[in-house]
J.: 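The structure follows.
Every chain is numbered from 1 and lettered A, B, ... according to where its sequence line falls, protein lines coming before strand lines.
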Amino acid sequence: MAAFPTKALKRDDTRLIIHFDYDCFYAAVFEKEDPKLRYLPLAVQQKQIIVTCNYEARRQGLHKLQRVTEARKTCPNAIIMLGEDLTRFRNASKENYDFLKRFAWSGRAERLGFDEVFIDVTDMVDYNLEMLNSHTLQSSFFHLSRNDPTLGFAFDCSNIAGDVVPENQTVTDTAMGQATSSLYIRLLLGSHLAQHLRYQLEEHQGYSSTVGISTSKLISKLVGNVNKPKGQTTLLPPYTSSDHGESNITLFLDEHDIGKIPGIGFKTAQKIRGHVLAHPAAIDHGLVYGGTEENVKVRDVRLFPSMGVEVLEKLLGGSGSPKDIAIRVWSLINGIDTSEVGRAREVPQQISIEDSYIRLDAMAEVERELKLLSRSLLSRMRIDLSCVEEHEDMLGERRGTERATNGNRSSRQWLAYPKTLRLTTRPRPARNPDGTRSRTFNRISRSCDMPPLVLNLSSSIEDQSEVLVRETLIPLFHKLHPEKSGWDLSLMNLCAASISLTAASSKDGAGRDISKMLKLQQRVLKDWKVEEPNAEELDAPPVSIYPANFGEGAVEAVENKPLVATKDTFLVADSQDEATSETYENDNIWESDDEVPGLGYTCTKCGLAVPDFAITAHERFHDLPD
DNA sequence: CTGTTCAAG
DNA sequence: CTTTCTTGAACAG
C-alpha cells in the first residue's frame, strides 16, 4: 500500500522558527493602559469566569479559567476588569504583530490567536551565519537588514542567549552537535535575534513575552513554555538520535501529555488515550483540581506495541476526519512538523461576534440581542474591511462605489466585502420530562447572502442594523428555530463570511502597508542613533559600522528611502570622505584601538575604518549591484 | 455552495 | 470538554 511512515518521518531542520507568546496578554493590555495596575493583582473577567490574570494575581492564588466567585473568595483585593469587549485586545494584538512582522525578511509572520506569533527567520539566520567572523565571535554583529549594514545589534556569539533545553547538557555534547552540522550555530543566532526582538517588543510596545527557538512551529512553541514569564528557551541539538544518545527532540517531546501537542485536540487525544489505556475513555477532570489524572504521555503512544501510521489510521481515520490525520499525528508524536509559518493575511476571512446568555427564550429578547450583535458586526466590518481613501486626484476618475459627501476630500472605501451572513445559535439542551439529559451543546447555523445594504458607507450603522434585523436576521432566526417558543439559547453568533477582496484592496492595501512600514522604520531608526558600540554588552543598542556623522547621514538617507536603501544611499555619504574621517577622530567614538579589537582594518575601496565584525558586511556593501 | 466538526488561544 | 469570544481549516453532501 501507499503508507510508508519512513518517508513522512524525515527530519528537516533547515528552518529556524521563533515562537512568541505575550505574557498574560489581556492583563498586560490593561496594565499598559493604566500602569498603576502593574504591581496589583489583576484579573480579566468575561461573563462568569476569569479568562486570565497577571502574575501578581497568580502569586495570590488566582488562575486562568477560574470562576469569578471563587476568585473573589481566594483574593478579595484583586482588581477584576471586564474584558468582554475584545476591541482593545484586537488592536494591541495587531500592533504587536505588525511590529514583529516588520523584522521578518521572509514576511512569514503568523498570528495564532491574539497573543502568539510565529516568525520564520531562516533567511536572516543563514545570512548572519555567512557574515560571522570566526575570529571575533564575542563581538559579533547581527544584521537586521541586507541593504543597510548599519542596521543590527552587537552580540556575543560564543553563547546561546537565554535558557536551553536540556539544561544540563555538557559542553562536549553541544560541541559535537556543532561539529556535525550548522544547527547549533543557527539556533544560537536565532536565540540572539529572539532576545533582541523580545527586548524591542518590550521597549517599544510595552509587552513582555516568552519565546521558544527551534526549527519547527511545533517545537518552538512547546519549548517556549519551559521558562514562562519573560523567558526564552532554545532546544539544543542533537535533533537526531545517534550512537551517543537519543535526539533531544524525542527526549523533550516524550514527557508531554499527548493532548498537549498542538494539532492533537481533545477528540483526537481521547481516541489515542483510549487505545493506549485499553479501556474506553477517562474523562479528564471536568471539575477543579484533584481528579484522577489518566496521563498518557507521548512516549507511551510512540512506544506502544505496533503503534504507527496504520494503527492511527484505523483509530483516527474514517468519515469526517482529515485525509492525512494519521501521518500528521504520527509525525507530531515523532517531533516532525513540516507546516510552514503562514504569510500575513490582508483581511480576515470572516468576522464574527457572539454573546452568551443565561436565558434567552423570548422573541423580544432575541430581537434586542440581534440588534446589538449586528451593530458590533457592522462596526467591525467598517473597521477591518474598509479604509479611508484620499483622492486629491479624483478629477476625471470613474468610481462606481464612490460615496463621497460633497466637500469631503476623503471617504471610506471597501477593501473587501463579505458575501455571506451567518447566524449561529447554541440551544440549551431541552429538559425532558423523564429526566434524561440531552447532552448536545452543539451549535447550529443558517446563512444567507449578505444584503448589499451593509455596503452603503454613507448610511448609519444604526439604520442599517435596524433593517438588517427586521429583513434578514429575524427570518434567518425563524429558519433556525421554527417553533414559536420552547427554545432557550445559551449563545448567539453573527458572522460575516466569504470575505473577498475588492479591486481597491490590492493597490491601496499595499500602499497602506508600506507607509506604515516607513513610519515604524523611522521611529526605530531614530532610537538607533550611533552610540557607544560596546560589543561586550549583550543588549547594547544597534551600532553603526560607520563613524558618527557618516552613520547619521546614512540613517537620514535611509529615512527618506528605507525600502530601497542600496549602494546609492551610501555613495552620497561616502563622498564626504574627509569630513567623515575628521569627525571620526574628533568624536572619539571608540576610545582606543585596544578597547575595541578590530579597528585596524581600513577599506581599500573607500578608505573607511571598519571594525572586524563589520568587514564582511562592508565588503558585501561594495559588491551590491547598482 | 451550506452546514458541521475540530482545533487553536 | 465546560467555562468566553473568536478564527481558520477541512469535511460531507
Side-chain angles (χ1 to χ4, degrees), chain A residues 19-22 24-26 43-52 63-71 82-90 93-94 110-118 217-218 221 225 259-271 273 281-288 291 316-325 328-329 332 339 342 345 347-358 373 376-377 380 384 419-426 428-429 439-449 476 479-480 490-499:
Chain A
H19 174 258
F20 288 82
D21 191 334
Y22 315 137
C24 43
F25 182 57
Y26 282 13
V44 180
Q45 171 186 11
Q46 279 172 343
K47 292 285 151 55
Q48 302 287 61
I49 60 163
I50 300 298
V51 288
T52 194
H63 56 87
K64 287 179 176 178
L65 305 184
Q66 189 176 31
R67 301 227 176 247
V68 172
T69 51
E70 188 193 325
L82 202 59
E84 285 163 22
D85 182 353
L86 302 184
T87 308
R88 45 160 60 79
F89 310 129
R90 190 156 40 226
S93 172
K94 179 109 196 334
E110 180 183 343
R111 199 155 51 131
L112 186 55
F114 283 166
D115 70 335
E116 293 182 35
V117 174
F118 293 98
K217 293 208 285 180
L218 170 73
K221 181 177 160 83
N225 289 328
K260 291 280 167 49
I261 305 304
I264 300 181
F266 177 77
K267 299 273 186 177
T268 309
Q270 281 299 84
K271 287 180 188 169
R273 287 191 188 106
I283 309 147
D284 268 27
H285 49 83
L287 297 169
V288 272
L316 311 173
S319 175
S321 27
K323 194 181 166 328
D324 59 343
I325 181 77
R328 258 182 30 225
V329 166
L332 290 174
S339 66
R345 201 183 289 283
V347 289
Q349 294 182 318
Q350 51 179 257
I351 299 172
S352 74
I353 45 138
E354 68 185 40
D355 207 344
S356 56
Y357 311 96
I358 311 288
L373 290 173
S376 319
L377 185 71
R380 283 224 25 227
D384 292 354
K419 291 192 175 66
T420 307
L421 178 64
R422 181 166 59 232
L423 175 64
T424 302
T425 64
R426 188 179 60 193
R428 216 177 293 279
R439 52 155 208 88
T440 169
F441 261 78
N442 290 339
R443 296 151 92 112
I444 50 175
S445 70
R446 293 294 180 271
S447 55
C448 65
D449 282 356
L476 217 47
K479 219 164 137 189
L480 265 176
S490 62
L491 174 143
M492 284 208 295
N493 174 297
L494 215 49
C495 179
S498 303
I499 293 173

J.: Contact class for Leu86(A) (heavy atom, under 4.0 Å): base, sugar-phosphate, or nothing?
T.: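 Contact class for Leu86(A): sugar-phosphate only.
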J.: In whole Å, what is the span from the CZ atom of Phe25(A) to the C1' atom of dC5(C)?
T.: 14 Å
J.: Taking atom C1' of dT7(C) as reference, at what distance in whole Å does atom CZ of Phe89(A) sit?
T.: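 Rounded to whole Å, this separation is 17 Å.
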J.: Is any NZ, NE, NH1 or NH2 atom of the basic residue among Asp85(A) and Arg90(A) found under 4.0 Å from an Asp or Glu carboxylate oxygen of the other?
T.: no
J.: Using OP1 and OP2 only, check whether a side-chain N or O of Gln349(A) sits under 4.0 Å from dA9(C).
T.: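 Looking at the OP1 and OP2 atoms of dA9(C), one of them is under 4.0 Å from a side-chain N or O of Gln349(A).
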J.: Would you mind reading off the distance between Ile49(A) atom CD1 and dT6(C) atom P, rounded to a whole angstrom?
T.: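 Taking CD1 of Ile49(A) and P of dT6(C), I get 13 Å after rounding.
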J.: Find which nucleotide of DNA chain C each of Asn493(A) and Arg67(A) is nearest to by heavy atoms, and output the residue with the more 5' nucleotide.
T.: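 Looking at the nearest nucleotide for each, Arg67(A) comes out on the 5' side.
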J.: Mind calculating the distance between CD1 (Ile50(A)) and P (dT4(C)) to the nearest angstrom?
T.: 13 Å
J.: Taking atom C1' in both dT4(C) and dG3(B), what distance in whole Å separates the two?
T.: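 Roughly 23 Å separates the two C1' atoms.
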J.: Tell me the interatomic distance from Gln46(A), atom CD, to dT6(C), atom C1', rounded to whole angstroms.
T.: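 Answer to the nearest Å: 10 Å.
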J.: Parallel under 30°, tilted from 30 to 60°, perpendicular over 60°: which one fits the rings of Phe114(A) and Tyr26(A)?
T.: tilted
J.: Summarise protein proximity over nucleotides 4-9 of chain B in one line of letters, 5' to 3': B for base, S for sugar-phosphate only, - for none, counting protein heavy atoms closer than 4.0 Å.
T.: SSSSSS
J.: Touch check for Arg111(A), heavy atoms < 4.0 angstrom, all strands: base, sugar-phosphate only, or nothing?
T.: nothing
J.: Please determine whether the number of non-hydrogen atoms from other residues, nucleotides or ligands lying under 6.0 Å from atom CG of Leu82(A) exceeds 12.
T.: yes
J.: If you assign Glu84(A) and Pro348(A) each to the DNA chain C nucleotide with the nearest heavy atom, which residue ends up on the more 5' nucleotide?
T.: Glu84(A)
J.: Taking NZ from Lys419(A) and P from dC1(B), how many angstroms apart are they, rounded to a whole number?
T.: 8 Å
J.: Within the pair Ser352(A) and dT6(C), is there a side-chain N or O less than 4.0 Å away from OP1 or OP2?
T.: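 Looking at the OP1 and OP2 atoms of dT6(C), neither is under 4.0 Å from any side-chain N or O of Ser352(A).
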J.: For the P atoms, the ones on dC6(B) and on dC1(C), what distance do you get once it is rounded to whole angstrom?
T.: 13 Å
J.: Below the 4.0 Å mark, does dT3(C) have OP1 or OP2 next to a side-chain nitrogen or oxygen of Arg426(A)?
T.: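 Yes, Arg426(A) has a side-chain N/O under 4.0 Å of OP1/OP2 on dT3(C).
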J.: If the cut-off is 4.0 Å, is Lys47(A) near the phosphate of dC5(C), judged by side-chain N/O to OP1 or OP2?
T.: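 Lys47(A) to dC5(C) OP1/OP2: side-chain N or O found under 4.0 Å.
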J.: Could you check whether any side-chain heavy atom of Thr425(A) comes within less than 4.5 Å of a side-chain heavy atom of Arg446(A), counting everything from C-beta outward?
T.: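 Thr425(A) does not reach Arg446(A) side chain to side chain.
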J.: Please check if any side-chain donor atom of Ser490(A) sits under 3.5 Å from a side-chain acceptor atom of Arg428(A), or the reverse.
T.: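 Their side chains do not contain a donor-acceptor pair, so the 3.5 Å distance test is not met.
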J.: Which part of the nucleic acid, if any, lies within reach of Arg328(A) when heavy atoms closer than 4.0 Å are counted: base, sugar-phosphate only, or nothing?
T.: nothing
J.: Does this structure show an ion pair linking Arg443(A) with Glu354(A), if we count only N-O contacts that are shorter than 4.0 Å?
T.: yes
J.: Given side chains that start at C-beta, do those of Leu421(A) and Leu377(A) come closer than 4.5 Å, heavy atoms only?
T.: yes
J.: Tell me what Glu354(A) touches on the nucleic acid: a base, only sugar-phosphate, or nothing, going by heavy atoms under 4.0 Å.
T.: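 The answer is base, as Glu354(A) lies within the cut-off (heavy atoms under 4.0 Å) of a base atom.
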J.: Taking atom P of dT4(C) as reference, at what distance in whole Å does atom CG of Asp355(A) sit?
T.: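 My rounded result for the distance is 10 Å.
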J.: Is the shortest heavy-atom distance from the side chain of Glu116(A) to the side chain of His19(A) under 4.5 Å?
T.: yes
J.: Between Leu316(A) (CG) and dC11(C) (P), how many Å, whole number?
T.: 14 Å
